[in-house]
Number of protein chains: 2
Amino acid sequence: MDSRNDGPQRSDAQRNRERILEVALAELSRAEDVPLSLIAKKAGVGQGTFYRNFPNREALVLEVYRHEVMVLTDAAAELLKTRAPDEALREWMEQLARFAVAKVGLSDAMRQIVGTSAGPAQPGYALVVEAIEALLAANHEVGTLRPGLTADDFILAIAGIWQIDSSGDWQAQSARLLDLVMDGLCAGAPGPG
Amino acid sequence: MDSRNDGPQRSDAQRNRERILEVALAELSRAEDVPLSLIAKKAGVGQGTFYRNFPNREALVLEVYRHEVMVLTDAAAELLKTRAPDEALREWMEQLARFAVAKVGLSDAMRQIVGTSAGPAQPGYALVVEAIEALLAANHEVGTLRPGLTADDFILAIAGIWQIDSSGDWQAQSARLLDLVMDGLCAGAPGPG
DNA sequence: GATATAAGCGGACTGGTGTCCGCTAAGTCA
DNA sequence: TGACTTAGCGGACACCAGTCCGCTTATATC
């Protein structure tokens, strides 16, 4: 445990953190498997500083893609305004799948994070869970989902998304997976009323 | 690539491989995250010998649990003899889930292997795929599965199994997951005839 | 048994993750 | 502006995965 809880940071610390993120975005875009030590060096900070900010690769990746993650979570709210809840859910899952295939590094991070109790601690991860909960709540409201389904259940159900191989025919593969999952999610739904 | 294809091994080589597996079983039972170098040392072989036999941790784990894996795949055939195909499938998935929770190291290995093109190369993995294909074929025969479902689809659908946290209420969690997946697998099934 | 040969050995080495801890300098208060 | 306090720094370090290559020795052949 380090001083990562609250209170104002020292200004140099904040600058360092931002420089790391800047460099990380650039480097991770070039190759997913850049050594973290290289990112630290290019950002002009020591190993210690780097790891104090991002205790492991997953934490860094999640933070680097925070912007994209926020786009995704915003999309959930948007979809709920413009579509029926079940369509919104399905469409959102498709966006998620596209995202997973495009950002392999993020898929790796998600595989690591899902199913560890440390998961919800990640601030970026919490956003995704919130978006999911909103989607599920809207669907439960109108009775298009099986009863008792939680966000955790949902996350496990779509775990396959993070495993799809981006080479090969991922479009067909993810479509088949999502069809199947969607059917599972909706089976036994009480229906409207 | 090394001489891992066929032909008779030298006797000392075979002895070494067996000693490694012996030690690995003991060590992995004590703790899942034993350093591979320690296993090599305790088996009295060099790093080179170790890695020639097992190019990475997953390969070793898969081989160590080969016996258990074979029990599992045998169970598939057995279930198909004694039950209706859909019940057999469901029961087998439950065995798989129990297995995944019990052998955390194997879950880690499976997460690594699923979704990489290197997966099917693992001999132990191929056995599991065969078992799955038999279960699916039997179900397709009697029309209890959605059409066009392949073993790959199935593996992705149950990917969540490898993510279940063994601490916490994994029984309820896996039951909910399997209910959901099963409904998805069966949705749109043509039915008998 | 002596010889040839290549399968197999094993440990030094590379490169990466994550930790530790003595030191530096930013913020604070007078 | 100077002294004090401590958050934060950063690089040496420990440890592990995986590779490489000169050497050893099991086996085949005579």
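Chain naming here is simple, since letters A, B, ... match the order of the sequence lines and numbering starts at 1 in each.
The closest donor-acceptor contact from the side chain of A:Trp92 to the backbone of A:Ile132 lies at 3.5 Å or more, if one exists at all.
Sparse packing is recorded around CD of A:Glu141, with 12 or fewer heavy atoms of other residues, nucleotides or ligands lying under 6.0 Å away.
Side-chain nitrogen and oxygen atoms of B:Thr49 include at least one within less than 4.0 Å of the OP1 or OP2 phosphate oxygen of C:dG10. Residue A:Asn16 places at least one side-chain N or O under 4.0 Å from the OP1 or OP2 atom of D:dC9.
The interatomic distance linking B:Arg17 (CZ) with C:dG8 (P) rounds to 12 Å, in whole Å. In this structure, the CD atom of B:Gln14 is 16 Å from the C1' atom of C:dC9, given to the nearest Å. When the C1' atom of D:dC16 is taken as reference, atom OH of B:Tyr51 falls 7 Å away, rounded to whole Å. Rounded to whole Å, the distance from CG on A:Asn53 to P on C:dG18 is 15 Å. Spacing between atom CZ of A:Arg15 and atom P of D:dC9 amounts to 10 Å, rounded to whole angstrom units. In this entry the distance linking CZ of B:Phe50 with P of C:dG8 reads 17 Å, nearest Å.
Contacts between residues 23-43 of chain B and DNA chain C, defined by a heavy-atom separation under 4.0 Å, are absent.
Across the interface with DNA chain C, nearest-nucleotide mapping of B:Gly46 and A:Arg57 shows B:Gly46 to be the residue nearer the 5′ end. If B:Asn56 and B:Ser11 are placed on DNA chain D by their nearest nucleotide, the residue sitting closer to the 5' end is B:Asn56.
Residues forming a salt bridge (Lys or Arg N to Asp or Glu O under 4.0 Å) with A:Asp74 (at least two apart in sequence, or on another chain): none.
From B:Arg98, atom CZ reaches atom CD1 of B:Ile164 across 12.0 Å, with rounding to the nearest 0.5 Å.
Side-chain contact annotation: A:Thr49 with A:Asn16, donor-acceptor N/O pair under 3.5 Å absent.
Exactly one residue among A:Val23, A:Leu21, A:Val45 makes a side chain to side chain contact (heavy atoms under 4.5 Å, CB included) with A:Ile39. That residue is A:Val23.
No hydrogens or angles were tested; on distance alone, nothing pairs the side chain of A:Arg10 with the base of C:dA26 as donor and acceptor under 3.5 Å. Residue-to-nucleotide contacts include no donor-acceptor pair under 3.5 Å from the side chain of A:Gln47 to the base of D:dG10.
Salt bridge absent: B:Glu18 and B:Arg15 never bring a charged side-chain N and a carboxylate O closer than 4.0 Å.
For A:Arg52, the side-chain atoms get nearest to D:dG10 when compared with the rest of C:dG18, D:dG10, D:dA26.
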